[in-house]
Amino acid sequence: MRENAILVSKTLAEVGKRVAPGVTTMELNRVAETFIRDHGAIPSFLGYEGFPAALCMSVNDVVVHGFPSDYVLKEGDIVSVDCGTLYKGYNGDSAYTFPVGEVDAETRKLLDVTKASLYKGIEAAVEGNRIGDIGHAVQTYAESFGFGVVRELEGHGIGRQMHENPGVPNFGRRGHGPKLISGMTICIEPMINAGTRAVYLAKNGWAVHTGDHRKSAHFELTVVVRKGRAEQLSTFDFIEKNI
């Protein structure tokens with residue numbers, strides 16, 4: 001699990017180096033698939049329930065599950081890159097939303113708050129707490145800035161399967177939901193909208209859009225529940241040392 005987590009973290013960093021105006025999301029997908037395979041792993045999203053690519057590439061108002069395409073990124077866009085690997089029988093999963101060139105102040109705030117809400121959730125992922133404590137931490141932080149917290153999608157357990165129990169919503173009540181036990185490995189992944197929390201599914205059956213077409217940000221890390229403090233497996237350090 002640790003090896004997968006580091007691999008997805010490094011893959012996202014390789015993609016991040018190339019995020020710029022004029023680049024297509026399909027080009028970024030090729031970079032990721034090559035990097036994953038060169039390290040002896042399999043891009044686990046490719047073919048997952050029919051998904052056609054190695055990465056989910058979700059631009060601007062696409063919350064998650066966007067397809068890589070010939071879309072050319074432009075200044076001021078944001079792109080959520082979600083990456084999964086399968087290596088030695090286990091899975092890795094992480095996501096990061098990149099600004100494309102310079103973004104406006106509202107977009108920068110959305111990115112900063114969404115990432116911070118993820119760390120608030122991680123702080124709650126300790127033995128003896130419950131799933132609702134994680135969701136409550138994410139929700140109350142993001143909503144305090146007036147942003148919408150998506151409820152139709154959630155984080156998840158991870159291990160030999162990409163998606164395992166328990167589900168990890170980004171909203172909830174303290175003290176409610178499944179109990180967190182030391183050693184549980186989960187993905188926490190806030191999906192936060194600049195405006196309404198409402199979303200809709202595109203006709204392709206995959207891409208989820210914001211209901212008002214304002215931007216959405218998505219950050220995801222894999223952590224292990226521990227006593228006192230969660231152990232973080234994936235990391236944004238490789239990405240952010242390049243920014």
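One is the number of the first residue; the rest follow in order along the sequence. Note: hydrogens, waters and symmetry copies are ignored here, and every other heavy atom, side chains too, is used.
- The line from NE2 of H65 to NE2 of H209 is 12.5 Å long, rounded to the nearest 0.5 Å.
- Using the six-membered ring where Trp is involved, F67 and W206 have ring planes that are tilted, between 30° and 60° apart.
- Ring-plane geometry between F145 and F147 is classed as parallel, the angle between the planes falling under 30 degrees on a 0 to 90 degree scale with a further cut at 60.
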Applying side-chain hydrogen bond (donor to acceptor under 3.5 Å, both in side chains), run through N4 and T85 and close with a yes or a no. CA-CA 6 Å; N4 274 279; T85 57; 2.8 Å; yes
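- Around atom CZ of R226, more than 12 heavy atoms belonging to other residues, nucleotides or ligands sit under 6.0 Å away.
- In this structure, Y96 has its ring center under 6.0 Å from that of F98.
- The OG1 atom of T97 sits 6.0 Å away from the CD1 atom of I78 when rounded to the nearest 0.5 Å.
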Does the salt bridge (Lys or Arg N to Asp or Glu O under 4.0 Å) test come out yes or no for E123 and R229, once each step is laid out? CA-CA 7 Å; E123 288 174 8; R229 181 173 181 170; over 6 Å; no
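- Hydrophobic clustering (ILVMFWY, side-chain heavy atoms < 4.5 Å, transitive): V138 and F171 are in distinct clusters.
- Taking the six-membered ring for Trp and the full ring otherwise, the centers of Y48 and H163 sit less than 6.0 Å from each other.
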Give the C-alpha distance, both sets of side-chain angles, the deciding distance and a yes or no for salt bridge (Lys or Arg N to Asp or Glu O under 4.0 Å) between E102 and R108. CA-CA 9 Å; E102 294 296 321; R108 172 47 62 189; over 6 Å; no
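- No donor-acceptor pair closer than 3.5 Å links the side chain of H176 to the backbone N or O of G172.
- Rounded to the nearest 0.5 angstrom, D93 CG and M162 CE are separated by 4.5 Å.
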Salt bridge (Lys or Arg N to Asp or Glu O under 4.0 Å), that's the test. Do E231 and R2 meet it? Break it down for me. CA-CA 10 Å; E231 177 186 356; R2 287 190 180 89; 2.7 Å; yes
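- Counting only heavy atoms from C-beta outward, the side chains of T222 and T185 approach each other to under 4.5 Å.
- In summary, the side chains of N193 and S216 do present a donor paired with an acceptor at a separation below 3.5 Å, with no hydrogens or angles considered.
- At a threshold of 4.5 Å between side-chain heavy atoms, the hydrophobic network of Ile, Leu, Val, Met, Phe, Trp and Tyr places L7 and V15 in two separate groups.
- Y87 and H39 make their closest contact through CE1-O, 3.9 Å (heavy atoms, listed as atom of the first residue, atom of the second, distance).
- Taking each heavy atom of A53 and N29 in turn, the nearest pair found is CB-OD1, 3.5 Å.
- A salt bridge does not link E14 to K10: none of the charged side-chain nitrogens sits closer than 4.0 Å to a carboxylate oxygen.
- Between the OG1 atom in T107 and the NZ atom in K109 there is a gap of 12.0 Å [rounded to 0.5 Å].
- Nearest heavy atoms, I42 versus I36: C-CG2, 3.7 Å.
- Following chains of ILVMFWY side-chain contacts shorter than 4.5 Å, one cannot reach F238 starting from V8, and the two form parts of different hydrophobic clusters.
- Residue-environment remark: CG (D70) stays at or below the threshold of 12 foreign heavy atoms within 6.0 Å.
- Nearest heavy-atom pair across G195 and D212 is CA-OD2, 3.5 Å.
- Contact annotation: the side chain of I188 approaches that of I122 to within less than 4.5 Å [non-hydrogen atoms, C-beta and beyond].
- A donor-acceptor contact shorter than 3.5 Å is absent between the side chain of S9 and the backbone of S234.
- Using a 4.5 Å cut-off on side-chain heavy atoms (C-beta onward), M191 and S80 make no contact.
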Does the pair E27 and R18 meet the rule for a salt bridge (Lys or Arg N to Asp or Glu O under 4.0 Å), with working shown? CA-CA 9 Å; E27 289 174 58; R18 294 164 175 81; over 6 Å; no
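- Looking only at side-chain heavy atoms (C-beta outward), P178 and L180 stay at 4.5 Å or farther from each other.
- In this structure, the side chain of T34 does not engage the main chain of V31 through any donor-acceptor pair within 3.5 Å.
- With N91 contributing its side chain and L86 its backbone, the two residues share no donor-acceptor pair below 3.5 Å.
- Judged by distance alone, with hydrogens and angles left aside, the side-chain atoms of E164 form a donor-acceptor pair with the main-chain N or O of Q161 at under 3.5 Å.
- The CG atom of L73 sits 6.5 Å away from atom OG1 of T25, with the distance rounded to the nearest 0.5 Å.
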Is there a ring pair (Phe, Tyr, Trp, His ring centres under 6.0 Å) between Y200 and H213 once you walk through the steps? CA-CA 10 Å; Y200 70 91; H213 294 289; 5.6 Å; yes
List the steps, then state whether side-chain hydrogen bond (donor to acceptor under 3.5 Å, both in side chains) holds for H218 with E189. CA-CA 7 Å; H218 174 216; E189 50 179 317; 2.8 Å; yes
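- H136 pairs with exactly one of R174, R173, K120 by the side-chain contact (heavy atoms from CB on, under 4.5 Å) rule, that one being R174.
- Side chain of D61 to main chain of T210: no donor-acceptor pair is present (N/O by atom type, distance under 3.5 Å, no hydrogens or angles).
- Without hydrogens or angle criteria, D133 side chain to R130 main chain gives a donor-acceptor distance under 3.5 Å.
- The line from CD of E220 to OG of S94 is 6.0 Å long, rounded to the nearest 0.5 Å.
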